[in-house]
Undergrad: 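The structure follows.
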Amino acid sequence: MSEKLGKFGDMPSGDFRKFGYQIIDQLADYFDEMEKYPVLSQVELDWLKSNLPSSAPETGEDFGDILGDVDKLIMPAVTHWNHPNFHGLFSTSTSSVGVFGEMFAAAFDMKAMLWRTSPASTELEDVVLDWLRQMMDLPEHFEGIIYDTASVSTMHAIAAAREKANLRIRDEGMSGRDDVPLMRVYCSEHVHSSIDKGVITLGLGLRSLRKIECNNRFEMIPEKLAEAIDEDIEAGYLPICVIPTVGTTSTSSVDPVDAIADVCEKYGIWLHIDTAYAGSTAIVPEFRKYFKGWERADSIVVNPHKWLFTPFDLSVLYCKDLSVLKEAFSLVAEYLKTTDEQTVKNGMDYGIQLGRRFRALKLWFVIRYFGREGLVERLREHCRLARLFASWVEASDNWEMMAPVPFALVCFRACPAGVDDLNALNEKIMNEINASGEAYLSHTKLNEKYTIRLSVGSIRVEERHLTKVWNLLNAAISDKS
Ligand SMILES: *Cc1c(COP(=O)(O)O)cnc(C)c1O
């Protein structure tokens with residue numbers, strides 16, 4: 001037993017052990033008994049704030065008391081993303097081995113900037129991302145880098161595309177220059193807001209983002225893309241990047257990547273594929289058809305923290321040529337200079353962050369623990385459950401499907417006979433279920449029609465959870481008609 005730290009040191013290791021075991025017990029119960037909690041936190045706004053002191057304690061507190069407050073104060077204000085009936089937005093969840101990865105990463109507390117300061121993080125990241133690349137059947141020339149979120153991955157991809165345009169923006173910037181044309185980034189109308197935020201952050205401005213029309217399956221129309229590019233070139237603008245999405249946020253629709261790659265190739269434009277949500281399914285052979293042509297991309301973003309049971313945050317950017325990012329961002333201050341710069345990969349060279357979390361560890365745990373086969377089985381089951389739910393919708397006169405189901409997201413709405421305002425009805429049904437805490441659904445608008453979205457993705461979800469939602473929906477509709 002080492003209790004060697006004096007009063008100015010850390011918590012004695014005996015206490016760390018004691019509380020550590022207690023926390024693991026608590027988390028094991030949490031995972032086992034998840035369903036006893038309401039999915040959406042039921043607290044009122046500012047409930048937690050009003051129950052906490054307004055300033056920090058002057059002297060240290062007993063950790064037992066602090067831990068007690070997690071139950072009393074924090075738990076009621078937690079929305080349970082891991083809950084099997086969390087179907088809103090995209091259903092994401094962590095596996096318990098993912099939590100172990102976070103524990104080690106926190107304990108090591110390394111800042112992966114230089115290889116030297118973090119060989120384990122740097123090398124494990126390379127190896128795990130190469131495993132994932134192979135699992136997704138991407139060609140060998142793709143090299144990956146881990147960022148926190150897809151928003152940040154995509155911002156870096158757009159920055160790389162801009163770097164590739166050779167406008168010396170790294171050194172001269174864009175402001176005060178009249179030799180820089182309006183740059184254009186293209187995506188569909190159904191993209192994630194992170195693309196808008198990316199162009200805002202990079203100083204390109206929303207004016208640079210051109211949203212291309214979709215067909216009735218919510219997929220980008222490549223001919224419209226080519227027309228837009230021609231028109232922009234005619235106007236003296238500079239197309240720098242096209243961003244198709246495989247698995248859009250609204251409906252999980254799939255832009256035709258191969259045809260879009262043809263357009264990018266013709267004009268020499270950077271092709272970045274946003275598949276933050278659906279990218280995980282590229283490990284499932286029968287889903288590869290949705291990714292046809294993605295091997296032609298310059299960059300691809302996929303989020304293991306979304307649908308690969310890895311705790312938030314871990315987003316991967318794969319690049320055909322990672323050195324473009326290095327050209328855009330590498331900046332080696334004197335105190336960071338090392339003699340091995342030319343031979344090692346230093347994470348800090350590939351983005352705006354200096355220190356980077358040791359995120360690869362949790363993904364390594366997840367991939368090793370479940371194996372490729374285990375992950376494939378789980379994704380297949382989620383897609384099967386979503387299709388099953390869709391079949392119930394299709395078979396009912398009171399409900400209708402609003403979009404195809406390529407993955408595990410079902411877009412549908414209530415449409416009982418004799419109701420005029422279907423938008424109001426669907427909004428009411430959804431809000432009522434969400435308020436009950438029994439399940440969480442979210443919505444989108446498709447052609448002005450209020451559409452309920454049900455995402456299946458929790459590692460704890462089973463068929464009975466979908467039956468439960470289906471019963472809740474049908475009870476809500478019979479209340480109202
Ligand atoms: C979820 C999602 C994002 C944003 O993911 P973050 O990691 O939270 O930034 C971007 N694009 C698509 C298609 C998504 O599904």
Side-chain angles (χ1 to χ4, degrees), residues 79 81 86-94 98 132 136 144-159 185-202 209 211-212 214 218-220 241-257 260 271-282 287 290-291 294 297 299-318 351-353 356-357 359 362-363 379 382-383 386 403 405-411 440 442-444 453-458:
T79 281
W81 284 73
F86 188 112
H87 303 292
L89 311 171
F90 280 115
S91 169
T92 68
S93 62
T94 182
L132 183 63
M136 298 192 307
I145 178 106
I146 296 178
Y147 296 114
D148 51 2
T149 58
S151 306
V152 169
S153 293
T154 289
M155 187 209 74
H156 282 93
I158 302 171
V185 176
Y186 306 84
C187 56
S188 91
E189 311 158 282
H190 291 276
V191 289
H192 190 266
S193 57
S194 57
I195 295 171
D196 305 61
K197 286 209 180 168
V199 298
I200 293 172
T201 309
L202 292 167
L209 194 59
K211 296 199 172 166
I212 307 297
C214 291
F218 313 104
E219 302 156 347
M220 194 197 291
C241 188
V242 178
I243 310 184
T245 307
V246 177
T248 57
T249 307
S250 239
T251 68
S252 79
S253 62
V254 176
D255 290 334
V257 169
I260 292 169
L271 173 61
H272 171 63
I273 299 173
D274 181 358
T275 186
Y277 158 66
S280 299
T281 64
F287 285 82
Y290 297 121
F291 299 86
W294 77 328
S299 56
I300 297 169
V301 58
V302 45
N303 273 5
H305 74 223
K306 214 162 216 171
W307 201 8
L308 217 52
F309 319 117
T310 304
F312 191 79
D313 47 11
L314 197 163
S315 172
V316 181
L317 183 70
Y318 282 106
I352 55 168
Q353 275 189 283
R356 304 164 64 254
R357 273 159 42 73
R359 294 191 181 89
K362 56 189 173 184
L363 184 56
L379 296 180
H382 293 169
C383 296
V405 184
F407 305 104
L409 175 73
V410 188
C411 294
Y440 175 47
S442 65
H443 80 282
T444 185
R453 292 167 75 267
L454 172 130
S455 163
V456 184
S458 169

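Order of listing sets the numbers, starting from 1, for every ligand and every atom in it.
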Undergrad: Do C187 and L209 come close enough that some side-chain heavy atom pair is under 4.5 Å?
TA: yes
Undergrad: Residue-level breakdown please: for D313 versus ligand 1, do any non-hydrogen atoms fall below 4.0 Å on the side chain, on the backbone, on both, or on neither?
TA: neither
Undergrad: For ligand 1, which atoms, with element, lie under 4.0 Å from some heavy atom of K306?
TA: 1 (C), 2 (C), 3 (C), 5 (O), 14 (C), 15 (O)
Undergrad: Using a strict cut-off of 4.0 Å, indicate which atoms of ligand 1 neighbour a heavy atom of F90.
TA: 15 (O)
Undergrad: A276 to ligand 1: N or O pair under 3.5 Å?
TA: no
Undergrad: Would you check if L132 and Y318 make a side-chain contact, meaning some heavy-atom pair closer than 4.5 Å?
TA: yes
Undergrad: Can you find a heavy atom in the side chain of L317 that is under 4.5 Å from one in the side chain of H272?
TA: yes
Undergrad: With nothing but distance in play, are any N or O atoms of T248 less than 3.5 Å from an N or O of ligand 1?
TA: no
Undergrad: Among T149, D274, V152, which one has a heavy atom closest to atom 12 (C) of ligand 1?
TA: D274
Undergrad: Of all heavy-atom pairs between H305 and T149, which one has the smallest distance, and what is that distance?
TA: CE1-CA, 4.1 Å
Undergrad: Pick, from A278, S250, A150, the option with the minimum heavy-atom distance to atom 7 (O) of ligand 1.
TA: A150
Undergrad: Using 30° and 60° as the class limits, which term best fits the ring planes of H156 and Y147: parallel, tilted or perpendicular?
TA: parallel
Undergrad: So if I count the atoms of ligand 1 from 1 in the order they appear, which ones are less than 4.0 Å from some heavy atom of N303?
TA: 5 (O), 6 (P), 7 (O)
Undergrad: Heavy atoms, side chains only, cut-off 4.5 Å: are T79 and F86 in contact?
TA: yes
Undergrad: Got a salt bridge between D313 and R357, using NZ or NE/NH1/NH2 to carboxylate O under 4.0 Å?
TA: yes
Undergrad: What atoms in ligand 1 come closer than 4.0 Å to a heavy atom of G247?
TA: 13 (C)
Undergrad: Tell me whether ligand 1 is touched by S315 - counting only heavy atoms on the residue side and a distance under 4.0 Å.
TA: no
Undergrad: Taking N or O atoms only and a 3.5 Å limit, does T245 qualify as a polar contact for ligand 1?
TA: no
